[in-house]
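Numbers restart at 1 for each chain; the letters A, B, ... are given by sequence-line order, proteins then strands.
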Number of protein chains: 2
Amino acid sequence: MTAHPTPRPSRRERPAKPALTRDGIVETAVALMRAEGLQRVTMRRLAQELDTGPASLYVYVRNTAELHAAVLDDLLGAVDLSPAKASGDWRDRLVRVLDSYTDVLFEHPGLARSALVARPSGERYLNLLEALLSLLSEGGVPDARAAWAVDLLLQFATATAAEHAAGEKDPTDAEGEWAELAAALRGVSEHRHPHIAALGTELLSGPGEARLNWGFHVLINGVLHTPRPEAPGPDTPETS
Amino acid sequence: MTAHPTPRPSRRERPAKPALTRDGIVETAVALMRAEGLQRVTMRRLAQELDTGPASLYVYVRNTAELHAAVLDDLLGAVDLSPAKASGDWRDRLVRVLDSYTDVLFEHPGLARSALVARPSGERYLNLLEALLSLLSEGGVPDARAAWAVDLLLQFATATAAEHAAGEKDPTDAEGEWAELAAALRGVSEHRHPHIAALGTELLSGPGEARLNWGFHVLINGVLHTPRPEAPGPDTPETS
DNA sequence: ACCTGAACACCGTTCAAGT
DNA sequence: ACCTGAACACCGTTCAAGT
């Protein structure tokens, strides 16, 4: 979370020039992203920021995907987990935590995109998992089911944020795509695609926030109503 | 779908060398992807395949994202929509269509990744939407709700496929990430992360297929149990 | 009017060679 | 033993200049 104590207040010069350690690299990457956007957080640009060659980074980071995952884990420090320990309806509190997670990702949709492929596995991510699991447990969701449910909830939030990665730099492209889909939906033939024609723009309607919220509730309700297929537990009577 | 009748059995030479049209470009892109994988479907490589310079492609395709969306739409021709018109339980048939969609994407997870950001908007995609909407309608899901539900279902399937985009080329990276998360989960402190510790590897457990199927049913059950917040219809009394 | 060669401004990753 | 300069093998996109 950029909250690591600065390694040491080195001589003078610029705001620190962190030592070449994994933490220093990630910290610099986060700063670079805040300053110039994720698309500038490349091995080469980052190395330049650290006054070295790109090859040096590979001593501490396996590849770009891992770097992005580490950056995301750092950002996850900003997720508000306090509702997990508060009182009140557990569903509301669950949604509040998920909203906070989504807010963080919405500020960096490109990172959300990476997260779908290379999940973080750091401290902050574990804290988030723990908070979600405790809320589901409070809601009476059986443990094994909660293990899968957490995945579903985070995947939905992450994917929704990732969808906004289009036109992070150039919004023109994103509008182009959207307009094209809107046009395709409007221009649909009433007898070959009756349902689409009947719905019209309804398919694209609604503020993102309302859809997101509805999605969370769909998932929560669905989880409550859908047992896991066959817990392969040692003492579960097989009902085939 | 590569099912366009070959443009014309041109002279001799290679399998066609399609004319420089949008369709020809997409067709060549699909062939290139099947032959060498999505990561080779770049503007430059594709131009080379078409015996021209990359600049020429920009006359027909706005950018790489749009190209990928067009390729995906083409692939969507392979989705089996027949269950939509069959008889039997509508849920089963809905899941069958979604499974077919997922199968197509699983063969090209990188494309699924693109699809989250740049959705296709072509003929095949519309056919898929229509099939899903008709099944939801059959199941008694109100129209406005179905419009949102379709999005949720496709997003879940797409995101699940996209998650497999790691290590499409080099599976080593993907295993590295997975192993790291597994290690993080195992090494968790029992008193700081009690729920994670209790679940252990349960969090990563289960064959992907079972989780996918469970996810579909969670969504379907959730949709059935979750009305849309406030249809902003013209005659809906505002409740602020 | 339409098309495109060539250029601009970058990438990730590896490895041989230095300290 | 550890680190990294330099190279390899690429990218997307634009635009001035040609036909």
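- Rounded to whole Å, the separation between the C1' atoms of D:dA1 and C:dA16 comes to 16 Å.
- If you take atom P in D:dA9 and the same atom in C:dC10, they sit 23 Å apart, rounded to whole Å.
- Regarding contacts with the backbone of C:dC11, every side-chain N or O of A:Thr64 stays at 4.0 angstrom or more from both OP1 and OP2.
- Summarising the geometry, the separation between OH on B:Tyr58 and P on C:dC8 is reported as 17 Å, rounded to the nearest angstrom.
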What nitrogen or oxygen pairs link the protein and nucleotides 2-7 of chain C at under 3.5 Å?
| residue | atom | partner | partner atom | Å |
| --- | --- | --- | --- | --- |
| C:dT4 | OP2 | B:Ser56 | OG | 2.8 |
| C:dT4 | O5' | B:Ser56 | OG | 3.4 |

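- Separating the CG atom of A:Leu46 from the P atom of C:dT13 is a distance of 13 Å, rounded to the nearest angstrom.
- Here OH of B:Tyr60 is found 14.0 Å from CG of B:Leu67. Values are rounded to the nearest 0.5 Å.
- Separation of the C1' atoms belonging to D:dC11 and C:dA6 is 16 Å when rounded to the nearest angstrom.
- Within the 4.5 Å cutoff, no side-chain heavy atoms of A:Arg22 are placed close to those of A:Glu27.
- Between A:Phe106 and A:His164, the ring-plane angle classifies as tilted under the 30° and 60° cut-offs.
- Between the CZ atom of B:Arg40 and the P atom of D:dA9 there is a distance of 12 Å, rounded to whole Å.
- Across all strands shown, C:dC15 is found opposite D:dG5 as a Watson-Crick or G-U wobble partner, with both distances under 3.5 Å.
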